[in-house]
Amino acid sequence: MHDLGGRQGFGPVVREPNEPGGYHARWEAATRLLFRVLLPRHLPNGRDGALRHAIERMDPALYLESSYYARWVTAAATLAVESGILTRAELEERAGGPFPLSGPVTAEKITDPPPGRSRFSVGDRVRVRGWHPRGHTRCPWYIRGHIGVVTRCDGDFSLPDVEAHSDHRVDEATYSVRFDADELWNDGQPGVTVNVDLWDSYLEPA
Amino acid sequence: MHDLGGRQGFGPVVREPNEPGGYHARWEAATRLLFRVLLPRHLPNGRDGALRHAIERMDPALYLESSYYARWVTAAATLAVESGILTRAELEERAGGPFPLSGPVTAEKITDPPPGRSRFSVGDRVRVRGWHPRGHTRCPWYIRGHIGVVTRCDGDFSLPDVEAHSDHRVDEATYSVRFDADELWNDGQPGVTVNVDLWDSYLEPA
Amino acid sequence: MSDAHAHDDHHPTAPSSIERRAAALEDLLTEKGLVPEGFIDEVNRMSEHDIGPMNGAKIVARAWADPEYRARLLEHGTAAAAELGISGPEGDFVVVANEPGVHNVVVCTLCSCYPWSILGQPPTWYKEAPYRARMVREPRVLLKEMGCDVPGDVDIRVWDSSAEVRYLVVPERPAGTEGLSEEELAGIVTRDSMIGVARL
Amino acid sequence: MSDAHAHDDHHPTAPSSIERRAAALEDLLTEKGLVPEGFIDEVNRMSEHDIGPMNGAKIVARAWADPEYRARLLEHGTAAAAELGISGPEGDFVVVANEPGVHNVVVCTLCSCYPWSILGQPPTWYKEAPYRARMVREPRVLLKEMGCDVPGDVDIRVWDSSAEVRYLVVPERPAGTEGLSEEELAGIVTRDSMIGVARL
């Protein structure tokens with residue numbers, strides 16, 4: 001449910017009139033430290049891709065009704081249970097009630113990833129691959145199959161699709177790719193572009 | 001949120017071991033009669049497309065956490081309020097608490113729809129239009145931009161996209177269109193086809 | 001904490017229970033005069049009476065017993081159902097048959113379209129998100145999860161009932177049923193097999 | 001009814017409150033020995049101290065005051081931030097500038113990527129579904145709804161931070177600010193204008 005770009009049915013953006021800066025509650029700060037700093041040291045795979053995927057595996061209704069840090073609580077608890085640090089029963093007993101966890105990983109483990117690529121340059125026309133990976137990816141659905149132009153090369157970074165599902169790490173070129181809103185949505189939005197940052201593997205020459 | 005085909009993150013299909021046939025509660029039957037039979041007679045537009053769209057306009061989190069007939073309660077209440085039969089205040093007072101309604105219609109009213117078309121025959125290769133209508137449509141996202149073959153002509157029916165947003169009615173040819181699963185998902189599902197029933201306006205020659 | 005949602009920012013106050021909301025709607029529409037006499041009787045009748053998948057089972061049994069009927073059924077479902085006194089859906093009624101190399105399964109990704117007059121009420125899981133999201137995406141995986149193991153060399157045809165057609169699957173006739181009467185045959189046809197999430 | 005969800009089939013029992021779940025997780029991880037000494041102090045420090053968008057405002061003010069700095073900033077954001085003693089995000093820090101014919105706005109559709117070291121915590125609305133779903137779909141409509149009316153002849157560039165780059169928008173310098181010091185200029189730069197959902 002995390003892949004929200006272009007999904008319809010969402011209402012107005014509601015801004016809290018005097019939203020406090022920083023954390024709204026102590027547990028948010030504690031959750032940040034636990035999920036992003038402490039817990040990863042004790043996980044078989046504590047890299048960003050695996051952490052993010054634990055959020056993405058949440059039940060979609062729970063995802064939408066949870067605040068940002070509430071999602072992190074679910075993801076941290078899920079990873080702690082999956083790696084044997086805790087049990088769900090312990091969590092539910094301590095919380096005094098149901099403690100929903102994310103669903104299981106359904107993507108297969110990647111044992112022998114291909115090397116990272118760096119095929120494109122500024123100005124190249126590219127098409128986003130029309131794929132739908134089961135595991136973690138940073139390629140949003142709303143641009144899949146669409147054509148854009150590379151406008152910036154941002155250097156190599158760890159490919160999230162591998163990072164989340166492998167002991168290996170593949171560094172690969174990333175780009176900023178410009179799409180005309182009208183190419184994406186086909187409803188006449190002159191002068192509007194949507195610029196998306198993408199790994200090389202998500203693209204093919206157009 | 002109703003456009004669910006291919007969305008990821010959903011878990012197992014849970015079957016109630018001894019699900020009763022028929023309605024699970026009296027209010028479900030009452031809601032069916034109210035929403036599908038009685039209320040539409042009193043609405044400016046009580047046709048199926050408008051009724052369905054009232055469901056589709058629900059807040060996505062509420063949609064996912066509501067049962068089938070619970071959605072109908074929300075949609076019926078929304079249409080009753082929008083047409084001036086009831087007020088939200090009356091509903092909340094009577095329910096003794098919050099009574100969430102669907103969001104407003106954001107599509108424009110269609111005042112002069114083009115005539116219905118009938119351009120394709122069995123065997124024709126077609127591409128689904130890469131559009132993203134703001135209003136009601138029966139063209140799911142997961143096939144947009146994809147190529148299939150017409151396998152059946154099913155005669156003319158009222159185009160939902162017009163029906164929901166217009167005083168007019170356009171009857172138009174419908175087809176069953178066959179897509180290879182691999183064309184849709186690009187992950188090797190040999191021997192699997194997905195067959196989708198579509199109005200002529202959703203298609204272009206491929 | 002009595003309010004399960006108050007903490008998660010999005011729902012400062014949770015909705016009233018669905019029973020209370022449904023009752024409020026019915027009461028108010030009644031007071032406004034939209035509900036005619038006889039409404040309560042009709043609701044009670046609907047609540048107590050469920051046709052179930054019996055009509056579908058009759059159609060399948062006849063198709064198994066009578067090859068000519070089967071041919072007419074696959075050619076024009078609505079007319080063939082009418083032969084048995086069964087009225088079809090408002091739109092067209094299309095019947096698809098499983099064969100040794102072909103398995104069919106029905107879904108409605110956009111809502112929950114279903115052949116009511118043939119199969120009664122759809123089961124709850126048919127109307128919920130997991131089935132609707134996954135059956136078009138990974139039918140072989142999902143069918144297996146649901147206990148319907150379609151051999152790898154059998155093609156799968158998924159039918160997304162997104163327009164006015166409603167679908168019925170004719171399952172393959174099980175071996176060893178040669179001696180059964182049409183009525184006995186109808187007795188072994190399950191609802192799930194006519195949706196296509198079970199094999200007999 | 002104390003349980004707002006029990007009636008809607010899906011959630012036979014609603015989750016415990018998020019405060020109780022967060023506390024349970026923290027307590028258990030502490031008991032298991034994963035939480036080092038000093039954790040509570042660090043949490044308190046984080047809770048009480050928020051850098052806010054001040055660093056971003058300093059960068060913008062300098063860019064307004066010094067055309068050469070502006071050029072370096074747009075060319076290489078990370079290095080230009082470092083000139084002011086501000087460390088950039090882990091990945092690259094890219095600065096985009098509004099101009100008379102161009103308005104920029106930042107979103108992260110997949111989660112909520114944001115230049116934390118420059119702007120502090122993202123506001124709640126930035127992390128929620130409506131903003132993430134709609135800003136790439138209908139930016140002109142949504143910006144107007146949010147009170148940011150971008151003239152029809154001004155192009156809109158939406159930046160979806162889906163990889164390792166984090167974005168900062170340099171708003172246009174308002175008229176009538178010629179006499180202001182760099183510090184005074186920083187005082188008029190709002191967080192929302194550096195996300196791109198407001199104009200100054």
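Residue numbering restarts at 1 for every chain, and letters A, B, ... go by the order of the sequence lines.
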**OP:** For the pair B/Gln189 and C/Ile156, evaluate side-chain contact (heavy atoms from CB on, under 4.5 Å) and give the outcome as yes or no after the intermediate values.
**Re:** CA-CA 10 Å; B/Gln189 298 191 53; C/Ile156 294 178; over 6 Å; no
Roughly how far, to the nearest 0.5 Å, is [atom2] of [Y] from [atom1] of [X]?
X        : Y        : atom1 : atom2 : answer
C/Arg157 : B/Thr151 : CZ    : OG1   : 9.0 Å
C/Leu29  : B/Phe35  : CG    : CZ    : 12.0 Å
C/Arg132 : B/Phe10  : CZ    : CZ    : 8.5 Å
B/Trp27  : C/Ile18  : CH2   : CD1   : 4.5 Å

Original post:
Where do C/Glu31 and B/Arg94 land on the salt bridge (Lys or Arg N to Asp or Glu O under 4.0 Å) test, with the steps shown first?
Top reply: CA-CA 12 Å; C/Glu31 289 169 24; B/Arg94 195 63 64 100; 2.6 Å; yes
Subject >> Residues of residues 54-63 of chain C near chain B, each having a heavy atom less than 4.5 Å away >> reply: none
Original post:
Are there residues of residues 175-200 of chain C that reach to under 4.5 Å of chain B by heavy atoms, and which ones?
Top reply: C/Asp192, C/Val197
Proximity breakdown for [X] and chain B, heavy-atom pairs closer than 4.5 Å:
X        : value
C/Asp153 : neither
C/Ile51  : neither
C/Lys32  : side chain
C/Glu48  : neither
C/Glu26  : both

Original post:
Any salt bridge between C/Arg137 and B/Asp187, counting N to O under 4.0 Å?
Top reply: yes
For the candidates [options], which exhibits the highest count of non-hydrogen atom pairs separated by less than 4.5 Å from chain B?
options                               : result
C/Tyr131, C/Tyr167, C/Tyr126          : C/Tyr167
C/Asp155, C/Val94, C/Val136, C/Val165 : C/Val136
C/Ala23, C/Ser161, C/Gly120, C/Pro123 : C/Pro123
C/Pro122, C/Ser112, C/Pro53, C/Gly101 : C/Ser112
C/Leu142, C/Leu110, C/Val105          : C/Leu110
C/Gln121, C/Met146, C/Arg134          : C/Gln121

Original post:
Are B/Thr174 and C/Glu164 close enough that a side-chain donor and a side-chain acceptor fall under 3.5 Å?
Top reply: no
Original post:
Between the side chains of C/Asp160 and B/Tyr142, is a donor N or O closer than 3.5 angstrom to an acceptor N or O?
Top reply: yes
Under a 4.5 Å cutoff for heavy-atom pairs, which residue among [options] has the most contacts with chain C?
options                           : answer
B/Thr31, B/Asp154, B/Leu86        : B/Leu86
B/Glu19, B/His2, B/Arg15          : B/Arg15
B/Gly22, B/Ala80, B/Gly9, B/Gly97 : B/Gly22
B/Arg138, B/Glu92, B/Met1, B/Arg7 : B/Arg138

**OP:** Give a yes/no verdict on a cation-pi contact between B/Arg32 and C/Trp116, requiring under 6.0 Å between NZ or CZ and the six-membered ring centre and an angle within 45° of the axis.
**Re:** yes
Restricting to non-hydrogen atoms, name the atom on [X] and the atom on [Y] that form the minimum distance, rounded to 0.1 Å.
X        : Y        : answer
B/Leu91  : C/Ala24  : O-CB, 4.0 Å
B/Gly96  : C/Ser16  : C-OG, 4.1 Å
C/Arg21  : B/Thr74  : NH1-OG1, 4.0 Å
C/Arg140 : B/Pro190 : NH2-O, 3.5 Å
B/Trp199 : C/Ser162 : CZ3-O, 4.0 Å
C/Ser47  : B/Tyr23  : CA-CD1, 4.2 Å

Non-hydrogen atoms of chain C under 4.5 Å away: do they reach the side chain of [X], the backbone, both or neither?
X        : value
B/Phe179 : neither
B/Trp72  : neither
B/Val194 : both
B/Thr193 : both

Original post:
Would you say the side chain of B/Leu33 lies within less than 4.5 Å of the side chain of C/Phe39, judging by non-hydrogen atoms?
Top reply: yes
Original post:
Hey, does C/Thr124 have a side-chain heavy atom less than 4.5 Å from the side chain of B/His24?
Top reply: yes
